[in-house]
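Taking it in order: structure first as structure tokens, then the write-up.
Every value quoted in this text rests on a predicted model; they were computed, and no experiment measured them. In what follows, chains carry the letters A, B, and so on, assigned in the order in which the sequence lines appear, proteins first and then strands, with residues in each chain numbered from 1.
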Protein chains: 2
Amino acid sequence: MAKARTVPACGCPVAAFQKLISGKYKLRIVWDLKDGPRRYGEIRTGLLRGMPGSAEIAPRVLSRELKALTESGLIDRKDFGVVPPKVEYRLTRKGRTFVPVVAAIKDWGTRHLAEARAPEMVAAE
Amino acid sequence: MAKARTVPACGCPVAAFQKLISGKYKLRIVWDLKDGPRRYGEIRTGLLRGMPGSAEIAPRVLSRELKALTESGLIDRKDFGVVPPKVEYRLTRKGRTFVPVVAAIKDWGTRHLAEARAPEMVAAE
DNA sequence: CAGCATCCTGCGTGATACTG
DNA sequence: CAGTATCACGCAGGATGCTG
């Protein structure tokens, strides 16, 4: 079984949460998916938005996070089994309950540590 | 300059949040401090509670997380400058605004991924 | 298009010992 | 008591190339 690195396997919900979203993109993936299903490439492109210049996402990394989220039961993977390949990811019911939490996080972040962002953007998004 | 490992330095509030709480104990420290100031040793002991058996917290680790939280402006360090040493940590105003977010996280965790916890405990805490 | 296989590296974390 | 110093390790994450 997967031994948690960042967080102990105690009963603490906070620790469990941290384990669940450990990783660079998990929270943002969930957030991207809140508006509906998205394909692998769309998620990838979406995550690129807002990243510094020449940054690229290693497919291995994104793939792993998606798989982890799937195994956590937050998202669902639908493989259309066609060529060229088409795969859609979308939030499960559990995943949807998670959205408000992410919203709270996002909201707090926007209010308290968005020094790098222009005020107008804060209001907009 | 400290290049973020776990999270990119983009304007995304979610990413900023992740960077802020990256680390094993940060969220739990904030949560522990919500009820008032605590000393170094008290935090340490409190975090031990709920951890698997023989686990110990390396002082270096705890020290680093506390320093990081201090530099993030979430907590405040008060050194009494006495012997034997006495240091108290407590939430700043900003840190206090963060508590509801942690509460939301904790609440969600309790509801959706607390399979390891007894139902009574869920209701209690 | 949506990944998997492989190699590599940096940082978070742990353990132990020491100090003001 | 509240840390710092030092050493060591494992895993997340990046880069590149290949495949069904």
Practice task
Side-chain contact test, heavy atoms from C-beta onward, threshold under 4.5 Å: evaluate it for B:I21 versus B:L74 and give yes or no.
Solution key: no

Exercise for the section: Ignoring hydrogens and angles, tell me if any N or O in the side chain of A:S72 forms a donor-acceptor pair with the backbone of A:L20 under 3.5 Å. Expected result: no

Practice task
Would you confirm whether B:E42, through its side chain, and B:E88, through its main-chain N or O, come within 3.5 Å as a donor-acceptor pair?
Solution key: no

So, does [X] get its side chain near the phosphate of [N], meaning an N or O under 4.0 Å from OP1 or OP2?
{"X": "B:Y25", "N": "C:dG14", "value": "yes"}
{"X": "A:R77", "N": "C:dG3", "value": "yes"}
{"X": "B:S63", "N": "D:dT4", "value": "yes"}

Problem - Electrostatic pair A:K78-A:D76, nearest N-O below 4.0 angstrom - result: no

Exercise for the section: Before accepting this row, confirm whether a basic side-chain N of the pair B:D107/B:R111 lies closer than 4.0 Å to the acidic partner's carboxylate O. Expected result: yes

Problem - Touch class at under 4.0 angstrom, heavy-atom based, for A:K67 against every strand present - result: sugar-phosphate

Practice task
Tell me what A:Y89 touches on the nucleic acid: a base, only sugar-phosphate, or nothing, going by heavy atoms under 4.0 Å.
Solution key: sugar-phosphate

Grab the [atom1]-[atom2] distance between [X] and [N] for me, whole Å please.
{"X": "A:R44", "N": "D:dA15", "atom1": "CZ", "atom2": "P", "result": "11 Å"}
{"X": "B:I57", "N": "D:dC1", "atom1": "CD1", "atom2": "P", "result": "16 Å"}
{"X": "B:D79", "N": "D:dT4", "atom1": "CG", "atom2": "P", "result": "11 Å"}
{"X": "A:L62", "N": "D:dG13", "atom1": "CG", "atom2": "C1'", "result": "12 Å"}
{"X": "B:E56", "N": "C:dA15", "atom1": "CD", "atom2": "C1'", "result": "11 Å"}
{"X": "A:L47", "N": "D:dG13", "atom1": "CG", "atom2": "P", "result": "13 Å"}
{"X": "A:K24", "N": "D:dG13", "atom1": "NZ", "atom2": "C1'", "result": "7 Å"}
{"X": "A:Y40", "N": "D:dG20", "atom1": "OH", "atom2": "C1'", "result": "15 Å"}

When you measure from the side chain of [X], which nucleotide among [options] comes out closest?
{"X": "A:V87", "options": "C:dT13, C:dA2, D:dA2", "value": "C:dA2"}
{"X": "B:R60", "options": "C:dA15, C:dG12, C:dA17", "value": "C:dA15"}
{"X": "B:A58", "options": "C:dA15, D:dG3, D:dG14", "value": "C:dA15"}
{"X": "A:R39", "options": "D:dG13, D:dA2, C:dC1", "value": "C:dC1"}

Practice task
Assign each of B:V61 and A:R64 to its nearest nucleotide of DNA chain C by heavy atoms, then name whichever residue's nucleotide is nearer the 5' end.
Solution key: A:R64

Practice task
Return the 5'-most residue of the pair B:E65, A:E42 with respect to DNA chain C, ranking by each residue's nearest nucleotide.
Solution key: A:E42

Problem - Residue mapping more 5' on DNA chain D - nearest nucleotide basis, A:P85 or B:L66 - result: B:L66

Completion exercise
5'-most contact on DNA chain D (nearest-nucleotide basis), A:P84 vs A:P59, goes to A:P59

Practice task
Fit a plane to each ring of A:W108 and B:F98, take the angle between them on a 0 to 90° scale, and name the class: parallel (under 30°), tilted (30 to 60°) or perpendicular (over 60°).
Solution key: perpendicular

